[in-house]
K.L.:
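Starting off with a structure, shown below.
Predicted, not measured: the structure shown is a model, and the values here were computed from it. Below, each value reflects all heavy atoms present in this structure, side chains not excepted, and no hydrogens, waters or symmetry copies. Order of the sequence lines sets the chain letters (A, B, ...), proteins ahead of strands, with each chain counted from 1.
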There are 2 protein chains.
Amino acid sequence: MATLSDVARRAGVSPATASRVINGSSKPVTDELRERVLAAVAELQYVPNAHAQLLARSHRSAVGVIVHDVSDPYFAEITRGLQRVATDQGRLLMICNSYRDPDRELEYVELLRGHQVAALILAGSGYHDEAFTRQLNEKLAAYEATGGRVAVIGRHEHSGDAVMPDNRAGGYLAGRELCGLGHRAIGVIAGPRILTTTTDRLAGLRQALTEQGRELPERRIRYAEFDRDGGAEATARLLDADPELTAIVALNDSMAIGALATLRTTGLAVPQQVSVLGFDDMPIARDVTPALTTVRLPLVHMGVRAMSLVLGPGAAAPRVEVLPAELIRRDTAGPVPRSTRATAGSAPRARRGDTTS
Amino acid sequence: MATLSDVARRAGVSPATASRVINGSSKPVTDELRERVLAAVAELQYVPNAHAQLLARSHRSAVGVIVHDVSDPYFAEITRGLQRVATDQGRLLMICNSYRDPDRELEYVELLRGHQVAALILAGSGYHDEAFTRQLNEKLAAYEATGGRVAVIGRHEHSGDAVMPDNRAGGYLAGRELCGLGHRAIGVIAGPRILTTTTDRLAGLRQALTEQGRELPERRIRYAEFDRDGGAEATARLLDADPELTAIVALNDSMAIGALATLRTTGLAVPQQVSVLGFDDMPIARDVTPALTTVRLPLVHMGVRAMSLVLGPGAAAPRVEVLPAELIRRDTAGPVPRSTRATAGSAPRARRGDTTS
DNA sequence: TACCGCAGAGAAAGCCCTTTCCCGCAGGGA
DNA sequence: TCCCTGCGGGAAAGGGCTTTCTCTGCGGTA
């Protein structure tokens, strides 16, 4: 690889001058030398060594991002928002997929710190895991102590700036909607228990049901992976145990899509026999059939806000921005069927006693 | 930020020793000093400066990847394959989204070169653009001249190693399938004309139709963005001009999903009135309703192969691996309807003279 | 006892840039 | 004419790390 001194030598100038031409320094250089340098660059196909540059100008310009998986639409949307603001400000993003592995998350914080990022954004659910949370906070604190900026999206464990989708309110919206439609036998397919996103959404849902005199017993909840296959499988388990269910709340849209797949296989009509509610409103939600009724989160905006916080002026006190959830009514949620559903595989069971307000 | 010399000073050793402990060098260090260094690292929350490291050991370990958009399922799958091999070999991936902007692609080649990547993988369609192709090849050649390895996925313009999905054969499969089902009035919603992927798939499709004595006139092709909305819009235009169409081939699954959306809005039943074929077999294809009949490409495997080529031993001659396409029959393609469709909005028109073999 | 070899540690030379500091020179004002 | 100013350019000092080379001191062999 050609180096800067190669270029300088070839152009018959000092490395300093070559550097100034190449970087468009404010220091003036005569046109003649400039030409010579540019010519040498072209001839040698010179590309500056990014590591050397980054080391020399200890500049801190890139921003580190840790998500679960960029190709998951939830994070893809958030990332779109992050990217938009970053690009506007001429920042490079370094995006890491933790695949929801806490250890990997910790490693990536170190890695990004090592890469001298100007700021760090963690997106995605927090964990109910004290030891991990403490470790993470220590690392983040150490990073902030050296001037790094940190913001989190959707996790409350961190003491600094945060952008929070209102998961709890979203769960509440879902619950209220189903109650309004007359459902009582409501099942939930949930993501991993250890995720705060799961428990927050569940808490809101439960609150809505409780307010309406319904309840949400643990036996009507199935925990699985937060993806399509997890949703499909959890739905199967749920229906197996509780054939009289008239509604299923999926704690994200991917699971909801899995649920629709299982229901189709089972031959249960949506929403005539079973209603389905999703969560997140990923782009694909409107394209499944029937189109998914879901709780929308302003994903792109969440990204925009987080990046703005982190690149904008700091604040004395940590800022928490809560962004509202919104119910999007499409075609998968309908009124509770008039009669008890005739279940195909298993014998119809007597309704278990739901309490009434 | 604490530096290595800070650590060394605190531990009462030389920077050399500290470095050896931290990096697990093969050079032996007494346990006592090791302990002291490790303690200092922990106390100072020391993280090595990645740029300095990368500069000092001019090692070239990371691999650069340029895709259209990682969050596009097509590339997400490919990337999964790339990642798998890279992780196995302890390589870091730097992934850049070109968003199908040739200039950005060129910039990213430079950027990644500047970051001293050991290899470069370009995934995604090539362009029918000689000037661009020449420029890109020059840049790649310059990179290879300095020992860099290059592989491309799905583009023939490059002279080096390549992994090629058989787009043409895939188009052929789609055409043959529709002919077998009796379709004659076949429309195509295609990606941008400038992409070789578009023209390759189209060529295969046209070949199949021609062999069966059908034809594919330009008026039955609509070019649009290679995404959902492009597909929806192109479908609308196509149906508007040609209400008697009985089948639509989408040149990728995203467009196919857009087509399904438009057909649903229009009130045309799939596949009873109109058949739809996709291309790629993205994960979501099986979850739309009806499930999408499509041409499968071994996306993950393509990624695996490309990364293997690029990290494995070099070859004297450039290697081209062509990976086969496969037709996946699901529920969107059916036999041609018996009678001419009763079109809702526009008056039924006389069939234009399709030639018969 | 004298010498060789080796283990373990440090000194210092890069890695490739950027940027400050300094120098020479030309032009303009006194 | 002299001095000051300012412009254009180069020398050199980092930036933080790795790694080679060198040095010291010890145990073992002749």
K.L.:
Do B:Gln135 and B:Val109 come close enough that some side-chain heavy atom pair is under 4.5 Å?
P.N.:
no
K.L.:
Please figure out whether A:Ala16 or B:Thr30 has its closest DNA chain C nucleotide nearer the 5' end.
P.N.:
B:Thr30
K.L.:
Might you list the N or O atoms of the protein lying below 3.5 Å from N or O atoms in nucleotides 21-24 of chain D, with each pair's distance?
P.N.:
from   : atom 1 : to      : atom 2 : distance (Å)
D:dC21 : N4     : B:Lys27 : NZ     : 3.3

K.L.:
Between B:Glu107 and B:Arg104, is the closest basic N to carboxylate O distance under 4.0 Å?
P.N.:
no
K.L.:
With a 4.0 Å limit, can you tell me whether B:Asn49 has a side-chain N or O closer than that to the phosphate oxygens OP1/OP2 of D:dG15?
P.N.:
no
K.L.:
Between A:Arg9 (CZ) and D:dG10 (P), how many Å, whole number?
P.N.:
14 Å
K.L.:
Please determine whether a side-chain nitrogen or oxygen atom of B:Gln53 lies at a distance below 4.0 Å from atom OP1 or OP2 of D:dG16.
P.N.:
no
K.L.:
Select one nucleotide: of C:dC17, C:dG8, D:dC17, the one nearest the side-chain heavy atoms of A:Thr3.
P.N.:
C:dC17
K.L.:
Tell me yes or no: between the side chains of A:Ser71 and B:Ser71, is some donor less than 3.5 Å from an acceptor?
P.N.:
no
K.L.:
Identify, between B:Leu55 and B:Leu33, the residue whose nearest nucleotide on DNA chain C lies closer to the 5' end.
P.N.:
B:Leu33
K.L.:
Quick one, which residues of residues 106-115 of chain B touch DNA chain D with a heavy atom under 4.0 Å?
P.N.:
none
K.L.:
Should the pair A:Glu130-A:Arg134 be classified as a salt bridge under the 4.0 Å nitrogen-to-oxygen rule?
P.N.:
no
K.L.:
Using whole Å, what does the distance between atom C1' of nucleotide D:dC17 and atom OH of B:Tyr46 come to?
P.N.:
7 Å
K.L.:
Using whole Å, report how far CG of B:Leu4 lies from P of C:dG14.
P.N.:
20 Å
K.L.:
Any ion pair linking A:Glu77 and A:Arg84 (charged N to carboxylate O, less than 4.0 Å)?
P.N.:
no
K.L.:
Could you give the CE-to-P distance, from A:Met1 to C:dC16, as a whole number of Å?
P.N.:
9 Å
K.L.:
For B:Glu35 and C:dA9, what is the distance between atoms CD and P respectively, to the nearest whole Å?
P.N.:
13 Å
K.L.:
Output the rounded distance in Å from CG (A:Leu54) to P (D:dC17).
P.N.:
14 Å
K.L.:
How many Å lie between CZ on B:Arg57 and P on C:dC16, as a whole number?
P.N.:
15 Å
K.L.:
Over all strands shown, is A:Ser19 touching base, sugar-phosphate only, or nothing at heavy-atom distances under 4.0 angstrom?
P.N.:
base
K.L.:
Report the secondary structure of DNA chain C in dot-bracket form, marking unpaired bases with a dot and bases paired to a different strand with |, and treating Watson-Crick or G-U pairs with both distances under 3.5 Å as paired.
P.N.:
||||||||||||||||||||||||||||||
K.L.:
Step by step, work out the side chain to side chain contact (heavy atoms under 4.5 Å, CB included) result for A:Leu44 and A:Asp6.
P.N.:
CA-CA 8 Å; A:Leu44 296 174; A:Asp6 294 335; 4.2 Å; yes
K.L.:
Quick one about B:Thr133 and B:Asp129 (side-chain donor to acceptor, distance below 3.5 Å, no hydrogens or angles considered), yes or no?
P.N.:
no
K.L.:
Looking only at the side chains, is there a donor atom on one of B:Asp101 and B:Tyr99 sitting less than 3.5 Å from an acceptor on the other?
P.N.:
no
K.L.:
Ignoring backbone atoms, establish whether A:Thr17 has a side-chain N or O less than 4.0 Å from OP1 or OP2 of D:dG10.
P.N.:
yes
K.L.:
Looking at B:His115, is its backbone amide N or carbonyl O close enough to the side chain of A:His51 to form a donor-acceptor pair, meaning the two atoms are under 3.5 Å apart?
P.N.:
yes
K.L.:
Strictly below 4.0 Å, N to O, side chains only: are A:Arg10 and A:Glu43 in salt-bridge contact?
P.N.:
yes
K.L.:
Answer yes or no: is there a donor N or O on one side and an acceptor on the other, between the side chain of B:Asn23 and the main chain of B:Ser19, under 3.5 Å?
P.N.:
yes
K.L.:
Round to a whole Å and report the spacing from CD1 of A:Ile22 to P of C:dT18.
P.N.:
7 Å
K.L.:
Would a distance-only check, ignoring hydrogens and angles, find a side-chain to backbone donor-acceptor pair under 3.5 Å from A:Asp161 to A:Arg319?
P.N.:
yes
